[in-house]
Amino acid sequence: RLSLPGRGRRGGLTIGSPITGSWSRNCAAYSNVEIVMTPGPDQVIACPNCGALEQHGTIVAGNTGRRVSWSDLKVVSPFLRQPPKFVICHACHSCYWLADAPGVGLMPGPFNDPADWPRVNPAWRMAPVVAEPEEAQYYAFLSADLPDDRDQQFHLRLLAFQRRNDSFRSDLTIDDPKPDPVTGEAILSGDAHANVGSLLGLMDPNDSQLLFLSAELHRALGEFDIARDLFQRTTALPDLKVWASKLATLSEKQIATVRN
């Protein structure tokens, strides 16, 4: 299981996948599968910086079926989806923690009486779905508005790293030793390299629980010998032993791309 304990009030290191649409409007897409997620009403929020309305889905019930864990600690659970923790406002283009946005109200859920919809504020219905910043927008925010809180810095830099990796996610797994065509491009440079360097600087090198992440960051930097050695040390942690051993092999083969 690729998750680590929480750091601060923003939660642990298991980061969910970004939402792609309004769940209550799209729940029919899951009606013919054997694993069920029950969506709740869409939550309308206000940007804490400009007050513009946005919305995100909620869930009443779900499960971890078809969950995919990635070597950069990102987790995708199609039937237990969460909105992004950090979002960018569509109106003022400022970034904020979703937890800091004041709630405005709840839209009628998928199981409400259809007669409830005409009574919904039109501005709520027109509110766009919250969106995670693009990679470059993370770097711009970190450059202009770096939080003083180290835990927030840590999580933002990790989210930026994962966002960068979204361009390189593929069907290749940790069991597949062949390199990706893009493995050279996947090695970090520029802002991405600087971000990971800063992320490593926020980590305690003696914290065994962060050893796996440290190894993965060095692999992404193209520092394969360091990554291999760190992964081999990580094999002492039972929950990560198999992953660490296989990623050590990928490091020996100088493969930098994120794997699942």
Side-chain angles (χ1 to χ4, degrees), residues 1-5 12-18 20 64-82 84-85 132 134-135 138 154-200 203 207-260:
R1 180 167 176 251
L2 289 184
S3 59
L4 297 176
L13 300 187
T14 297
I15 309 297
S17 60
T20 57
T64 57
R66 300 183 186 173
R67 168 178 169 151
V68 179
S69 298
W70 296 87
S71 57
D72 63 355
L73 303 186
K74 183 168 183 174
V75 177
V76 179
S77 295
F79 300 100
L80 197 62
R81 295 193 297 169
Q82 301 293 326
K85 292 185 176 182
E132 183 181 11
E134 298 293 339
E135 179 191 2
Y138 270 111
F154 177 89
H155 280 91
L156 282 174
R157 293 197 180 281
L158 178 59
L159 287 169
F161 172 59
Q162 293 172 330
R163 189 63 161 148
R164 198 253 180 196
N165 284 342
D166 287 346
S167 300
F168 298 96
R169 301 187 196 278
S170 71
D171 293 333
L172 291 174
T173 70
I174 59 170
D175 297 307
D176 195 333
K178 69 173 180 289
D180 312 55
V182 296
T183 193
E185 301 171 35
I187 295 176
L188 302 180
S189 61
D191 289 338
H193 188 285
N195 177 62
V196 166
S198 297
L199 179 54
L200 284 166
M203 296 167 60
D207 188 339
S208 62
Q209 294 180 331
L210 294 178
L211 198 59
F212 181 94
L213 177 59
S214 179
E216 179 65 1
L217 294 175
H218 283 288
R219 189 172 74 91
L221 290 170
E223 298 171 350
F224 297 112
D225 289 342
I226 298 175
R228 180 200 60 218
D229 293 345
L230 289 173
F231 279 128
Q232 289 175 345
R233 288 170 56 193
T234 308
T235 57
L237 300 175
D239 289 347
L240 297 175
K241 184 174 182 178
V242 173
W243 274 79
S245 176
K246 293 180 178 181
L247 286 168
T249 299
L250 294 183
S251 299
E252 289 176 349
K253 295 180 179 295
Q254 299 191 349
I255 296 172
T257 41
V258 65
R259 293 291 179 94
N260 66 69

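Source: prediction; values computed, not measured.
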### Task
With rounding to the nearest 0.5 Å, note down the distance linking CD1 in I174 to CH2 in W70.
11.5 Å
### Reference residue Y138; test side chain to side chain donor-acceptor pair (under 3.5 Å); the match among R163, Q162, E132
E132
### Query
Quick check: does any side chain N or O of D225 sit under 3.5 Å from a backbone N or O of S251, one acting as donor and the other as acceptor?
no
## Note on the structure
Closest non-hydrogen atoms of V196 and F161, given as atom of the first, atom of the second and distance, are CG2-CD1, 3.6 Å
### Message
Does any part of the side chain of I255, heavy atoms only, come nearer than 4.5 Å to the side chain of L172, both counted from C-beta?
### Response
no
### Query
What closest approach, in Å, do L211 and L230 show between heavy atoms, and which atom pair accounts for it?
CD1-CD2, 3.6 Å
#### Entry: CD on Q232 to CD on E252, rounded to 0.5 Å
6.5 Å
#### Entry: Distance, nearest 0.5 Å, that separates CG of L213 from CG of L158
6.0 Å
#### Entry: Spacing of CG belonging to L73 relative to CG belonging to L210, to within rounding of 0.5 Å
9.0 Å
### Message
Can you give me the closest heavy-atom contact between E216 and V258, atom names plus distance?
### Response
OE2-CA, 4.3 Å
## Note on the structure
Rounding to 0.5 Å, atoms CG (L159) and CZ (F154) come to a distance of 10.0 Å
### Message
I'd like to know whether V242 forms a side-chain contact (heavy atoms from CB on, under 4.5 Å) with K246, so could you lay out the CA-CA distance, the side-chain angles of the two residues, the decisive distance to 0.1 Å, and finally the verdict.
### Response
CA-CA 6 Å; V242 173; K246 293 180 178 181; 3.9 Å; yes
### Query
Where do F231 and A248 come nearest, in terms of heavy atoms and distance?
CB-CB, 3.7 Å
### Task
Taking the side chain as every heavy atom from C-beta outward, state whether L217 and L199 have any pair of such atoms under 4.5 Å apart.
yes
### Query
Side chains of K74 and D166: closer than 4.5 Å at any heavy-atom pair?
yes
### Task
Could you tell me whether a side-chain N or O of R259 sits under 3.5 Å from a main-chain N or O of D176, the two making a donor and an acceptor?
yes
#### Entry: Reported CZ-to-CG distance for the pair R219 and D72, which is rounded to 0.5 angstrom
9.0 Å
